[in-house]
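Have a look at the structure below before the remarks.
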Amino acid sequence: MSKEYRNGSSYVQRRWMGKYRHSHKDGLNEPTKEQMLREEYEKDSPPPKISDLKTADDMDFYDPLTEDSEAPGFDENYYYPKSSGTPKDSDYMNNEVSTGLSTNVYGEDNLERLETEAARQKAVRDELDSRTGRLWTDPYEISDDDWGSMKTLDDLPDWSPEICSRVSLERVKLFQGGVPTLDELAQMSLPASSPSHPALGDPKPYLKERKKTYEKLVYDEVSKIADKKIGKILSLNDFNDKQDAIDDLFEFVHEKLSSKKPEANSRSSGKAGALHNPKAEKHNDKLDVWASQHDFGQTVEKALEKYLRNVNKNEKEKSTKSEVTDDSSENSDDYKDHSEPIFMDILKGKGCTLDENGIPSLIHPLKPHPKDGPGRMIEEWELAANQKTKRIMCRSCMKEIAEILSNSTNNNAAGYRILVKGERGVGKTTTLAAIVSSARVSGHIVLYLPDGDRLRKLGFYNEPNKHREGFFDLPVLTQEVCGDLLHSHISDLEGLVASQETLQTFLSHDHHLKLAKELNISENKEDDNDHESASLSDIPLATLLDIGNKSKSLSAACYGAVVHTLMNQTTKPFTIVADSFNCYYDHGHYFHQKYDPKAKKPIPLHKITLFQPILDAIGIEKRDDGSFVTKTPIPFYHGGIVAGLTESHAVKREFTSNLIEKALSSDVKVVHVPQFSPVEVDHVIANFELIGIGRLRFDRGEIAMNEEEVAFLRMVSGGVGQQLLDSCIG
């Protein structure tokens with residue numbers, strides 16, 4: 001706010017920061033009564049000095065021209081005495097003045113004062129910049145000189161692995177074989193992810209994690225206090241004396257923790273030295289809150305008991321001359337997680353190549369975002385400077401899925417059903433892509449449908465199935481799916497054939513004739529009504545997929561025969577991985593007069609041959625009235641289905657919730673993909689630096705090694721993968 005002071009009988013305007021903050025003070029009019037009262041009040045409130053500035057709002061009340069007591073305001077005579085005169089326009093035309101301050105303009109006496117004032121203002125600006133940090137200065141800001149230099153992206157230095165920091169190189173661990181098999185992924189030691197927030201549904205995992213954190217904090221505090229007393233207790237020889245000493249130790253520890261107040265209390269009382277004591281122990285304010293809980297004594301007793309067991313274990317190891325750790329608190333594996341994330345490199349997987357879009361063949365037919373593909377996991381690879389690696393961080397949720405698939409495969413158990421859920425952007429698509437690549441490396445035949453939203457509404461056209469009454473075909477999309485499955489598993493399909501019985505189930509008489517023509521098999525034309533007139537015996541699945549990929553009229557029949565055969569064979573494990581699975585339970589987008597003469601009711605997707613085996617495999621059906629029911633799923637003799645939900649597409653929340661509810665009440669295993677834990681965020685940021693993404697490309701580890709920067713990225717992203725990527729780019 002601005003001030004005015006009386007100078008004789010007139011009022012002289014006094015301004016701060018070169019501007020008037022009130023519209024009624026734009027002129028030099030007589031002040032109002034309210035202004036005069038404010039003037040009297042402000043006499044006792046001088047403007048703040050540079051040492052008093054704490055926030056950006058304080059800048060509004062700081063006047064660099066009035067901080068010095070010798071300069072109460074902007075006095076023209078103070079800066080331009082009458083002896084030298086004020087500078088004129090003509091004075092700036094000479095070379096001496098244009099190159100700097102001149103004694104001809106300001107006078108020899110005032111030149112030193114102006115230089116001192118300029119230096120003081122520069123010191124003020126430097127002080128403010130050093131205090132405000134990233135909120136006020138942007139190291140990535142493009143200056144006016146850079147804009148005028150006509151530089152392009154090609155003029156910038158190229159990224160190279162040599163500029164990566166040692167910290168990031170040591171932090172990121174890569175799997176030696178590129179892509180782990182399901183057995184290897186299931187046996188990995190990976191850190192636990194952060195529990196989901198209780199507001200998102202089930203609060204039990206969150207409460208369990210909070211309790212574990214609480215117990216670990218109490219255990220650490222108990223260990224610090226007991227370490228100073230345990231030596232005397234161990235030196236006692238009598239058992240009763242030791243027991244009494246332990247009881248006294250418990251009372252001492254409990255009283256110490258219960259009455260422990262933060263030493264920072266002396267800060268508020270103004271005691272000198274309390275803020276800058278390097279030997280003072282760091283106090284955890286959370287302990288003061290938990291110490292007031294009714295079960296705090298039981299927690300302390302439990303922590304002390306665990307501490308004493310560890311001490312006893314160390315003593316026994318010393319007596320047997322075993323390897324002993326110096327710190328007894330390190331033996332508590334219940335509270336410490338020493339595991340670190342491991343990254344798989346899909347591009348180094350067995351037989352993996354890149355397609356025209358730069359996508360590894362192991363996760364074909366996943367496509368880039370946003371036009372053709374779900375999620376944004378491909379965006380990370382597209383923005384990376386290092387295009388020779390395609391990494392995915394292995395997480396505990398991936399390990400959980402891999403354990404189910406691995407146990408089912410090793411024990412010849414069939415019919416696993418897994419539903420993957422999670423909030424938007426946490427990595428559900430990435431999780432499914434990792435499972436697809438790991439399953440394919442393990443020898444699974446994987447039918448991967450990465451974009452359920454596209455399949456449910458962009459089928460071009462539909463037509464009634466001539467052989468299966470009440471079903472409808474999507475010839476174009478089915479033709480595409482046949483080609484994708486053949487592209488990914490042409491060698492794995494060797495030796496697998498469709499029986500004649502299966503062909504008769506899915507192929508009509510016309511289909512038999514067309515298929516025989518495609519195979520150049522002679523047919524008996526005398527009896528057109530006999531299916532067996534076309535001499536079709538067992539046909540390889542690769543041949544059926546090739547024909548289905550080339551012929552729209554045969555695509556649905558070939559697809560049905562191939563999927564039915566794979567679900568009922570025991571030679572190779574067959575896994576269906578379907579992303580955006582809840583899109584199949586949303587309102588339909590396919591209509592036909594054969595189903596509804598008025599074409600007002602959409603065709604249920606379980607009546608469309610492309611989706612029928614997938615929906616029947618999960619065993620959850622949506623009725624015409626919108627209700628969800630469970631039914632007996634189609635059995636897999638050697639395999640199962642992994643379905644992922646989407647939060648990025650327009651699916652009614654009620655349908656998604658009902659689907660999850662029915663899955664939880666049935667035999668479907670629901671796996672939750674949580675946000676990144678703090679450890680995972682640290683490793684993701686380090687990986688971003690190693691592959692060259694966004695602001696981390698040329699910073700040489702300044703962000704990865706700065707705890708405040710990492711904490712800032714962790715805060716703004718909330719542990720969500722997509723938001724973390726956006727924060728590192730923007």
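Residue numbers count from 1 along this sequence.
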What residue pairs, at least two apart or across chains, pass ring pair (Phe, Tyr, Trp, His ring centres under 6.0 Å) with a residue in residues 380-419? none
Drop me the distance from Asn465's CG to Phe506's CZ, to the nearest 0.5 angstrom. 10.0 Å
Starting from the C-alpha separation in whole Å, work towards a yes-or-no answer on side chain to side chain contact (heavy atoms under 4.5 Å, CB included) for Thr575 and Arg440. CA-CA 9 Å; Thr575 302; Arg440 285 176 171 170; over 6 Å; no
Of all residues at least two apart in sequence or in a different chain, which pass the salt bridge (charged side-chain N to carboxylate O under 4.0 Å, His left out) check with Glu654? Lys652
Thr570 side chain to His638 side chain, donor-acceptor N/O pair below 3.5 angstrom: no
Any side-chain heavy-atom pair from Val562 and Cys482 closer than 4.5 angstrom? no
Applying salt bridge (Lys or Arg N to Asp or Glu O under 4.0 Å), which residue pairs with at least one partner in residues 617-636 are found, sequence neighbours left out? Asp616-Lys631, Glu621-Lys631
Flag the pair Leu366 / Ile363 as yes when at least one side-chain heavy-atom distance between them is below 4.5 Å, and no otherwise. yes
Just verifying a value: how many Å separate Leu190 CG and Met393 CE, rounded to the nearest 0.5 Å? 9.5 Å
Under 3.5 Å donor-acceptor, Gln675 side chain and Val720 backbone: no
Which distance, rounded to the nearest 0.5 Å, do you find between the CD1 of Ile359 and the OG1 of Thr353? 12.0 Å
Would you say that Leu645 contacts Ile660 through its side chain, given a criterion of any heavy-atom pair below 4.5 Å between the two side chains? yes
If you measure from OG on Ser437 to CG on Leu185, what distance do you get to the nearest 0.5 Å? 9.0 Å
Would you say that more than 12 heavy atoms from the other residues, nucleotides or ligands in this model lie under 6.0 Å from the NE2 of His487, or not? no
Restricting to pairs with a member in residues 593-610, which pass side chain to side chain donor-acceptor pair (under 3.5 Å), not counting sequence neighbours? Asp473-Thr609
Over all heavy atoms of both residues, which pair between Val679 and Pro341 is shortest? Give the atoms and the distance, please. CG1-CD, 3.9 Å
Indicate yes or no for a side-chain donor-acceptor contact from Tyr590 to the backbone of Lys457 under 3.5 Å, with no hydrogens or angles considered. yes
Any chance CD1 of Ile490 has more than 12 other-residue heavy atoms, nucleotides or ligands included, within less than 6.0 Å? no
Can you list the residues that meet the side chain to side chain donor-acceptor pair (under 3.5 Å) rule with Thr543, with sequence neighbours excluded? none
Which atom names give the shortest non-hydrogen contact between Asn357 and Pro368, and what distance separates them? CB-CG, 4.1 Å
Salt bridge (Lys or Arg N to Asp or Glu O under 4.0 Å) pairs, two or more places apart, involving residues 384-395: Arg395-Glu680
Looking at side-chain heavy atoms only, is the closest gap between Tyr559 and Leu447 below 4.5 Å? yes
Does His592 have its ring centroid less than 6.0 Å away from the ring centroid of Phe472? yes
Kindly write out the residues that satisfy side chain to side chain donor-acceptor pair (under 3.5 Å) with Thr571, not counting sequence neighbours, or none if the list is empty. none
For the CD1 atom of Ile547 and the CD atom of Gln479, what is their distance to the nearest 0.5 Å? 12.5 Å
Sub-3.5 Å donor-acceptor pair from the side chain of Ser396 to the main-chain atoms of Ala192, do we have one? no
Between Pro613 and Leu610, what is the shortest heavy-atom contact and its length? CD-O, 4.0 Å
State, with a plain yes or no, whether a side-chain heavy atom of Ile342 is found less than 4.5 Å away from one of Leu174. no
Which pair of non-hydrogen atoms, one from Val651 and one from Cys583, has the smallest distance, and what is that distance? CG2-SG, 3.7 Å
Between Asp510 and Lys514, is there a side-chain N and carboxylate O pair less than 4.0 Å apart? no
Decide yes or no on side chain to side chain contact (heavy atoms under 4.5 Å, CB included) for Phe343 and Ile392, but give the supporting numbers first. CA-CA 5 Å; Phe343 288 80; Ile392 293 179; over 6 Å; no
What ring pair (Phe, Tyr, Trp, His ring centres under 6.0 Å) pairs are there with at least one residue in residues 608-627, not counting sequence neighbours? Tyr584-Phe611
What class does the angle between the rings of Phe655 and His587 fall in, given that below 30° is parallel, 30 to 60° is tilted and above 60° is perpendicular? perpendicular
Treating Glu184 as the side-chain partner and Thr181 as the backbone partner, does any N or O pair qualify as donor plus acceptor under 3.5 Å? yes
Within the supplied structure, the quantity of interest is the number of heavy atoms (other residues, nucleotides, ligands) at a distance under 6.0 Å from Asp667 CG; does it exceed 12? no
Does some side-chain heavy atom of Phe676 sit less than 4.5 Å from a side-chain heavy atom of Val426? no
Judged by atom type as modelled, is there a donor-acceptor pair below 3.5 Å linking the side chain of Ser666 to the main-chain atoms of Ala663? yes
Under the side-chain contact (heavy atoms from CB on, under 4.5 Å) test, residues paired with Glu480 that sit two or more places apart: Lys367, Arg454, Leu477, Asp484
Under 3.5 Å: donor-acceptor pair, side chain of Tyr585, backbone of Ile620: yes
Pairs meeting criterion salt bridge (Lys or Arg N to Asp or Glu O under 4.0 Å) with involvement of residues 632-650, two or more places apart: Glu647-Arg653
Please tell me if the side chains of Leu449 and Ile614 come closer than 4.5 Å, counting only heavy atoms from C-beta onward. yes
Minimal heavy-atom distance between His364 and Ser488, with the atoms involved, is CD2-OG, 3.6 Å
I'd like to check the salt bridge (charged side-chain N to carboxylate O under 4.0 Å, His left out) partners of Lys466; sequence neighbours left out, ordered by chain and number. none
Closest heavy-atom contact between Gly351 and Ser361? O-OG, 3.8 Å
Where the side chain of Asn410 meets the backbone of Ser406, is there a donor-acceptor pair that is under 3.5 Å apart? yes
Main-chain N/O of Ala498 paired with Thr502 side-chain donor or acceptor, under 3.5 Å: no
Taking Ser717 for its side chain and Gln723 for its backbone only, find out whether a donor-acceptor pair lies under 3.5 Å. no
May I have the step-by-step check of side-chain hydrogen bond (donor to acceptor under 3.5 Å, both in side chains) for Asp345 and Thr389, ending in yes or no? CA-CA 6 Å; Asp345 191 348; Thr389 180; 2.9 Å; yes
Donor-acceptor pair, distance only, cut-off 3.5 Å: does the side chain of Tyr448 make one with the backbone of Ile576? no
Go through it in stages, so that I can follow the logic: the residues are Thr565 and Val563, the test is side chain to side chain contact (heavy atoms under 4.5 Å, CB included), and I'd like the CA-CA distance, side-chain angles, deciding distance and then a yes or no. CA-CA 5 Å; Thr565 302; Val563 172; over 6 Å; no
Calculate, to the nearest 0.5 Å, the distance between atoms CD1 and CG belonging to Ile641 and Leu419 respectively. 9.5 Å
Any pair with a residue in residues 548-573 that passes salt bridge (Lys or Arg N to Asp or Glu O under 4.0 Å), sequence neighbours left out, goes on the list, sorted by first then second residue, please. Asp546-Lys550
Are any of the side-chain heavy atoms of Val497 and Ile539 separated by less than 4.5 Å? no
